[in-house]
Each structure stands twice: as C-alpha cells, then as structure tokens.
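Each remark here refers to the structure printed beneath this line.
In this text the structure is predicted, and so the values were computed from the model without any measurement.
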Amino acid sequence: MTIKAILFDKDGTLFHYAATWGAWARSTLMHLTDGDADLARRMGWEVGYRWDSDDFVSGSPIVHGEAEEINRIWQASLPGLSVEEINRVALHYIHNTAAAPVGDLNAILGGLVDAGFVLGVATNDFEEGAHKQLGDHCASGHFAFIAGYDSGYGAKPEPGQILGFADHVGIDAMAVAMVGDSTHDLHAAARANVGLKVGVLTGPAVEADIADAADVVLPDISHLERYLAQLA
C-alpha cells in the first residue's frame with residue numbers, strides 16, 4: 001500500500017534527545033532537591049540520566065517511559081512531595097527548556113506536506129509539552145494530529161496513538177509510516193501494522209539497537225522525503 005501519512009515520535013526524532021532533555025533533567029532535579037547536587041545526581045541515575053556526561057543510558061525511563069512513571073520514581077526519594085507536585089515542577093521546566101530541533105523543521109516538514117503527506121506526532125511526553133515545543137519552532141501547523149501519553153490513546157509501545165492517528169486522518173494504518181528513534185516507537189508501529197517503520201539516529205539509540213525493529217534506519221528525518229520518493 002502507498003504511504004500517505006507520516007507519524008513522528010517527538011524526542012530523539014524531531015528534537016535532539018540529549019541536547020533537549022539533559023537540560024530539562026538537570027534543571028528539574030536541582031529544583032526538586034533544593035540544589036542538593038548529590039541527591040540530584042542520584043535521582044538522575046535512577047531514571048537513567050548521567051549527570052556528569054549529561055546524557056542517558058540505554059533503556060532510560062526518561063527515554064522510553066511515561067512522564068508519570070518518572071514522577072513516581074522520583075517521589076520515592078522525595079517523600080515530602082506528592083507526585084502531582086513533582087509533575088508541576090517537571091511541566092514548568094518543560095515550558096522553560098528550549099528544545100533543540102534536528103534541523104530546519106519548517107523546511108523538512110513543509111517539504112513532506114508539499115509532497116502530499118499528512119503528518120502527525122505521537123509522543124510519550126505530555127500533549128501540552130508537545131504543543132509547546134513544536135509551537136516554539138512555529139512547526140505545529142504542519143501536523144494534523146498531536147498526541148501525548150495523556151491524550152486518551154495510551155502510550156508507546158502500545159499501538160493506540162498510531163491507530164488513533166490513522167482513524168483521525170481517515171486512512172488505513174498500512175498507509176502510515178512511523179518514524180522514531182527507539183524500539184518503543186518501532187514496536188508500537190509493528191503492533192499497529194503500519195506500512196513502513198523508519199528508525200532515526202538522533203536519539204540515544206545506535207543503529208544496532210533499532211535495526212532489527214525497523215524497515216530502514218536513516219541518519220535523521222531530513223533524509224525521509226528522498227527515501228519515500230524512491231519507494232513511489
């Protein structure tokens with residue numbers, strides 16, 4: 001079946017992962033711990049954030065999990081704070097951390113729209129955070145669908161967001177290409193039975209981590225339009 005629509009993961013796909021979320025993790029942890037760097041470093045490690053190198057280990061809950069999971073892990077080290085209070089701090093820094101795009105998003109996404117593709121975003125971040133980060137780069141207008149883990153479709157690696165996108169734009173899932181940087185994205189794509197599973201290398205994963213789950217692995221999303229044109 002011809003690919004008619006493209007669903008993007010957000011972090012590690014549209015935005016460089018470590019450059020965006022390392023800054024967020026450091027700011028959030030220093031706030032939550034009242035500046036206790038030792039406690040912040042330990043809490044970072046609990047969710048796979050390496051304080052000293054400002055990056056993430058493979059399998060980090062920040063990379064693969066839902067925001068609520070991270071909040072609950074941190075709450076165990078902060079008994080004086082509720083999960084809801086931690087969530088408010090996390091959201092504050094999402095709103096105040098500049099996301100680092102993988103390239104000129106308007107040029108890349110605009111080219112795909114001009115080529116006739118319908119675009120969407122499926123992220124395990126908050127939907128609100130996705131709208132904010134995309135809006136900061138004036139890129140949200142390219143998307144017909146933006147869903148987070150809290151949008152009512154579930155979270156990846158379950159297929160609900162992908163199936164919700166297909167239903168929203170009125171096409172069969174086999175006409176969707178799912179683009180992501182992690183096995184969560186690609187396993188969700190397989191469960192939704194999409195037509196094309198595309199891995200990219202702008203997140204923490206290396207090619208060997210995702211190659212088996214993808215139909216193709218590209219360096220970044222700027223290569224996508226040319227690749228899809230070759231399939232037509």
Specify the closest pair of heavy atoms between [X] and [Y], including all atoms of both residues, with the distance to one decimal.
X: Val176; Y: Ala166; value: CG2-CB, 4.4 Å
X: Asn124; Y: Ala155; value: OD1-CB, 3.4 Å
X: Pro61; Y: Ile73; value: CG-CD1, 4.2 Å
X: Leu186; Y: Gly199; value: CD2-N, 4.2 Å
X: Ser140; Y: Gly135; value: OG-CA, 4.1 Å
X: Asp54; Y: Ala23; value: OD1-N, 4.3 Å

| field | Stepwise salt bridge (Lys or Arg N to Asp or Glu O under 4.0 Å) check, Arg72 with Glu68 | value | CA-CA 6 Å; Arg72 292 191 181 280; Glu68 186 174 348; 3.1 Å; yes
Are side-chain heavy atoms of [X] and [Y] found at a separation under 4.5 Å?
X: Leu196; Y: Val198; result: yes
X: Val216; Y: Tyr227; result: yes
X: Val217; Y: Leu201; result: yes
X: Tyr153; Y: Leu163; result: no
X: Ile162; Y: Met178; result: yes
X: Thr33; Y: Met43; result: yes

How far does [atom1] of [X] sit from [atom2] of [Y], to the nearest 0.5 angstrom?
X: Asn193; Y: Arg191; atom1: CG; atom2: CZ; value: 13.0 Å
X: Trp74; Y: Glu46; atom1: CH2; atom2: CD; value: 10.0 Å
X: Leu32; Y: Leu78; atom1: CG; atom2: CG; value: 6.0 Å
X: Arg88; Y: His92; atom1: CZ; atom2: NE2; value: 13.0 Å
X: Leu228; Y: His223; atom1: CG; atom2: NE2; value: 13.0 Å

| said: Looking only at side-chain N and O atoms, does Lys156 offer a donor or acceptor that is under 3.5 Å from a partner on Gln161? | reply: no
| field | Residue pair Asp181, Ile210: steps toward the side-chain contact (heavy atoms from CB on, under 4.5 Å) verdict | value | CA-CA 8 Å; Asp181 68 302; Ile210 60 175; 5.8 Å; no
Under 3.5 Å, side chain of [X] to main-chain N/O of [Y], donor-acceptor pair present?
X: Thr13; Y: Phe8; answer: no
X: Asp220; Y: Val102; answer: no
X: Arg26; Y: Trp51; answer: yes

Hydrophobic clusters here meaning ILVMFWY residues chained together by side-chain heavy-atom distances under 4.5 Å, can you tell me if [X] and [Y] are in one?
X: Leu81; Y: Tyr93; value: yes
X: Met174; Y: Ile171; value: no
X: Val179; Y: Leu14; value: yes
X: Ile221; Y: Ile6; value: yes
X: Leu119; Y: Leu231; value: yes

| Side-chain ion pair, Arg41 and Asp52, N-O less than 4.0 Å | yes
| query | Do Asp38 and Arg42 sit within salt-bridge range, that is, some charged N less than 4.0 Å from a carboxylate O? | reply | no
| request: Could you check Asn106 against His142 for side-chain hydrogen bond (donor to acceptor under 3.5 Å, both in side chains), going step by step and ending with a plain yes or no? | output: CA-CA 8 Å; Asn106 281 297; His142 296 292; 2.8 Å; yes
| What pairs with His137 under ring pair (Phe, Tyr, Trp, His ring centres under 6.0 Å), at least two apart in sequence or on another chain? | Phe15
| task | Go through Asp125 and Lys10 one step at a time and tell me if the side-chain contact (heavy atoms from CB on, under 4.5 Å) criterion holds. | result | CA-CA 8 Å; Asp125 189 11; Lys10 178 171 71 71; 3.1 Å; yes
| query | Does the pair Leu109 and Phe143 meet the rule for a side-chain contact (heavy atoms from CB on, under 4.5 Å), with working shown? | reply | CA-CA 9 Å; Leu109 299 171; Phe143 296 104; 3.6 Å; yes
| request: Look at the aromatic rings of His168 and Phe145 and report parallel, tilted or perpendicular, splitting at 30° and 60°. | output: tilted
| said: Angle between ring planes, Tyr49 versus Phe56, binned at 30° and 60°: parallel, tilted or perpendicular? | reply: tilted
| field | Pi-cation contact, Trp45 with Arg50 (under 6.0 Å, within 45°) | value | no
| field | Test side-chain contact (heavy atoms from CB on, under 4.5 Å) applied to Gln75 and Ser82, step by step | value | CA-CA 7 Å; Gln75 199 273 332; Ser82 67; 5.8 Å; no
| field | Sole residue of Thr28, Asp11, Thr97, Asp55 in side-chain hydrogen bond (donor to acceptor under 3.5 Å, both in side chains) with Trp21 | value | Asp11
| task | Among residues two or more places apart or on two chains, list those pairs meeting salt bridge (Lys or Arg N to Asp or Glu O under 4.0 Å) that have a residue in residues 192-213. | result | Lys197-Asp215
